[in-house]
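What follows is a single structure, written as structure tokens, with notes after it.
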Amino acid sequence: MSPPISHVLLSLILWVLLQYPIQATQSYIVLLGSHSFGPNPSLVDVESVTNSHYDLLASYVGSTNKAEEAIFYSYNKYINGFAAVLDEDEAANVAKDPNVISIFLNEERKLHTTHSWNFLGLERYGVFPNTSVWRKTMGEDIIIGNVDTGVWPESKSFSDEGMGPIPKRWRGICQTNIHNHDKFQCNRKLIGARYFYKGYEAMTGTKIDPSMLSARDYEGHGSHTLSTAGGNFVRGANAFGFGKGTASGGSPKARVATYKVCWPACYDADILAAIEHAISDGVDVLSMSLGSDSPPEYSHSALSIGSFHAIANGVMVVSSAGNAGPFPGTVSNNEPWVLTVGASTIDRDFASYVTLGNKKILKGASLSKYELPSKKMYPLISAIDAKTKNATALDAPFCMDGTLDPKKVKGKILVCLRGINPRIEKSVVAASVGAVGMILANDRDSGSGILSDPHVLPASHVDFASATYIYNYINHTKSPVAYISKAKTELGVKPAPIMASFSSRGPNLLEPGILKPDVTAPGVDIIAAFSEFISPTNEASNQQITPYITMSGTSMSCPHVAGLVGLLKALHPNWSPAAIKSAIITSATRKDNSKRLIQDSSSVNESTPFDYGGGHIRPNRAMDPGLVYDLNTNDYLNFLCGRGYNSSQLKLFYGKPYTCPKSFNLADFNYPTITITKFGPGYSINVSRIVTNVGAPSIYRVSIEAPPQLIISVEPTKLSFKKRGEKKEFRVTFTLKPQTNKTTDIVFGWLTWINHNHRVKSPIVIYIE
Ligand SMILES: *[C@@H]1O[C@H](CO)[C@@H](O)[C@H](O)[C@H]1NC(C)=O
Ligand SMILES: *[C@@H]1O[C@H](CO)[C@@H](O)[C@H](O)[C@H]1NC(C)=O
Ligand SMILES: *[C@@H]1O[C@H](CO)[C@@H](O)[C@H](O)[C@H]1NC(C)=O
Ligand SMILES: *[C@@H]1O[C@H](CO)[C@@H](O)[C@H](O)[C@H]1NC(C)=O
Ligand SMILES: *[C@@H]1O[C@H](CO)[C@@H](O)[C@H](O)[C@H]1NC(C)=O
Ligand SMILES: *[C@@H]1O[C@H](CO)[C@@H](O)[C@H](O)[C@H]1NC(C)=O
Ligand SMILES: *[C@@H]1O[C@H](CO)[C@@H](O)[C@H](O)[C@H]1NC(C)=O
């Protein structure tokens, strides 16, 4: 045999051997429909369901014993189905069973932090600066659940100081590992904990170390998000001395519960089990900072089906939009029953200034606790000029490990380009080759979006304009030099908010008729609780263990809104999830603290509702929105009817038989935003909406901001409400102006109902074809 052939054979055999165990651990979610047991199913009911799952699978895997072994979750309370380890043939056969409505692979979902280990945090008052809504209830006794990486239970954010007895309606548990090896304890603040890992083990084929099987957070992400939503007051919280103040969640008097599903990879089968338990435990609000980069059709998505069951049971679901921005069409968690949150900056900077040899001063961001050894200028070098012989010109500018020559870097300030490898890793690489400092330079897409990270050496993250200036300065200077000032906290920064470049954008590719994201909230450099198991830089050599840290991502903005939902729920216990969502969307603002339209850090352009939906959240106004656009479970089912779902597909979402209406017009779906997807010359479209008065008797008048191409009229233009709870319908007519040239375009407008102290504002999106 000639060597090349044996080589080919060997790799082929190896390939088969490596693939085999992966094939064997393929796992699927098999869905049979939904139950209609009500909010608190009996033990007898759920046991009989699980037995029926074993019986069904037994006929495909040979025996009940084998079926019991294969099934690792039986969804038996609201969702009717199971998750099981199956090979492809078994899965194909199960799919043909007449009782099976849907079967799909147990897929991975990602946490929505810009870099999962980069840390996140809770706001020092942040968007809840001493506001009246906040002072009134502080989310008292609302139960907030978090589907994430678990929690650091000893964090002061989860102290139960000042908390009364646990609400009687709570049915959850505090799950610990067998000998409670890691001493996990709940209290009157952290009232519940569960962990779900079988879907992770089945899909990855790896066993989690039994001593780590716990709801304890070994990553930091879950502690950060949960403390942002419902953490208690903590005086003097800070990240390495920065941003010192009183930390607290949006709903500081809420009870919290953790549902750990991320290890740190998160799988659908575990997420679905977590949602089912959260509903049955009695959670009021679910915060889910995770999702898919390309969300599947609702009927094939565990997240969509799970969140529908939550909403149908009165549990509000808040999700992150994703971190795939600034590119259009990247928004995830696109369900109309979910509240989807983009991310933007706050009025606080951790500023670090770069001074160049030509006296130019550029403002950057950093959370590095380190300072240059002396107050003098240091030689400045671009990573591309410091590359090793074997490194490529594509890798070196990013300061990838192994691409830089220590001889060229030693004692200098190194300029690294943003992208490819994690931001903090760049500073670790820079330090390892002897740099005294680092400038992290934005690329064009990242624009003006800069982040404050706990770098391991003096560092400053600069925007694209400054980056271009610095690269130019280096190119045109014989001996370039620079100085980096130690970072310091600056408050009252203007303008703020600015849309974060990473925040995922509309349009909603799955259903363009529903605007997503719904709102934006703080998600850049947020300080909140962290895990004390690891350092935020994930470097063994860098012992930066800290109870509080900044993190950035829509993962961080999502729990801000979950905290706000807690406040509103405590204030208005009878409002539906849709009413709370409407209050948050229609009271949001599209202006920044300079009274200008919110800017986008990815470009010089203004942002649009594709970036922020209704705008930036305003908790005080959301408390008293005046009018709400309400929706109930039937409306959401009608929405699914409109997508052509038949009765068996509807069963995935709802336990009782449901008959679709004869016709469904998505334009009339009572969402608090209006989107018209097909509009052209000669078209005239009517849209109807119903508003419910949630304030005092009052008269509202309409105000329209139409894009130049359109005439928008509303009938009636005045709504008179005699009592609270009264509903009124209105119609909006859209007509294209005759002189408009026939080009495809997406244009925006606003419809606002106004009385003496309310502005109920809805964005309008029109696709002209
Ligand atoms: C919060 O508001 C109240 C009433 O307006 C005021 O008395 C108090 O000083 C404020 N607290 C802070 C921390 O700003
Ligand atoms: C270049 O060579 C050095 C020394 O052999 C090695 O440590 C480094 O990883 C290499 N880098 C690349 C990008 O291949
Ligand atoms: C600096 O010089 C390098 C190589 O000469 C070039 O590739 C790069 O575009 C220049 N950068 C700027 C900002 O002028
Ligand atoms: C900014 O807006 C202009 C005009 O609408 C458009 O041509 C341009 O592509 C936009 N730039 C970016 C980066 O989105
Ligand atoms: C419902 O639709 C699905 C997907 O199109 C199809 O596979 C299924 O057979 C349909 N079921 C019924 C009862 O029509
Ligand atoms: C829209 O409503 C107006 C007034 O109610 C009516 O005259 C018109 O025919 C409607 N247009 C369409 C396209 O339904
Ligand atoms: C339509 O196109 C013509 C010719 O290209 C141009 O002069 C006019 O300004 C355009 N009108 C609008 C409303 O864009």
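Each ligand, and each atom within it, is numbered from 1 in the order the structure gives. In this text the structure is predicted, and so the values were computed from the model without any measurement.
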Where is the nearest protein heavy atom to atom 5 (O) of ligand 5: which residue, which atom, and how far? Q649 NE2, 4.3 Å
Starting from atom 13 (C) of ligand 5, find the nearest protein heavy-atom neighbour and note its residue, name and distance. S648 OG, 3.9 Å
Side chains of Y60 and K66, donor plus acceptor under 3.5 Å: no
Partner of Y28 under side chain to side chain contact (heavy atoms under 4.5 Å, CB included), chosen from D87, V85, L105: L105
Distance alone, cut at 3.5 Å: any donor-acceptor contact between the side chains of K77 and S280? no
Any protein heavy atom sitting closer than 4.0 Å to atom 9 (O) of ligand 5? no
Can you tell whether the side chains of R171 and D281 come within less than 4.0 Å, N to carboxylate O? no
Shortest reach to atom 1 (C) of ligand 5 by a heavy atom, considering only I101, L650, N646: N646
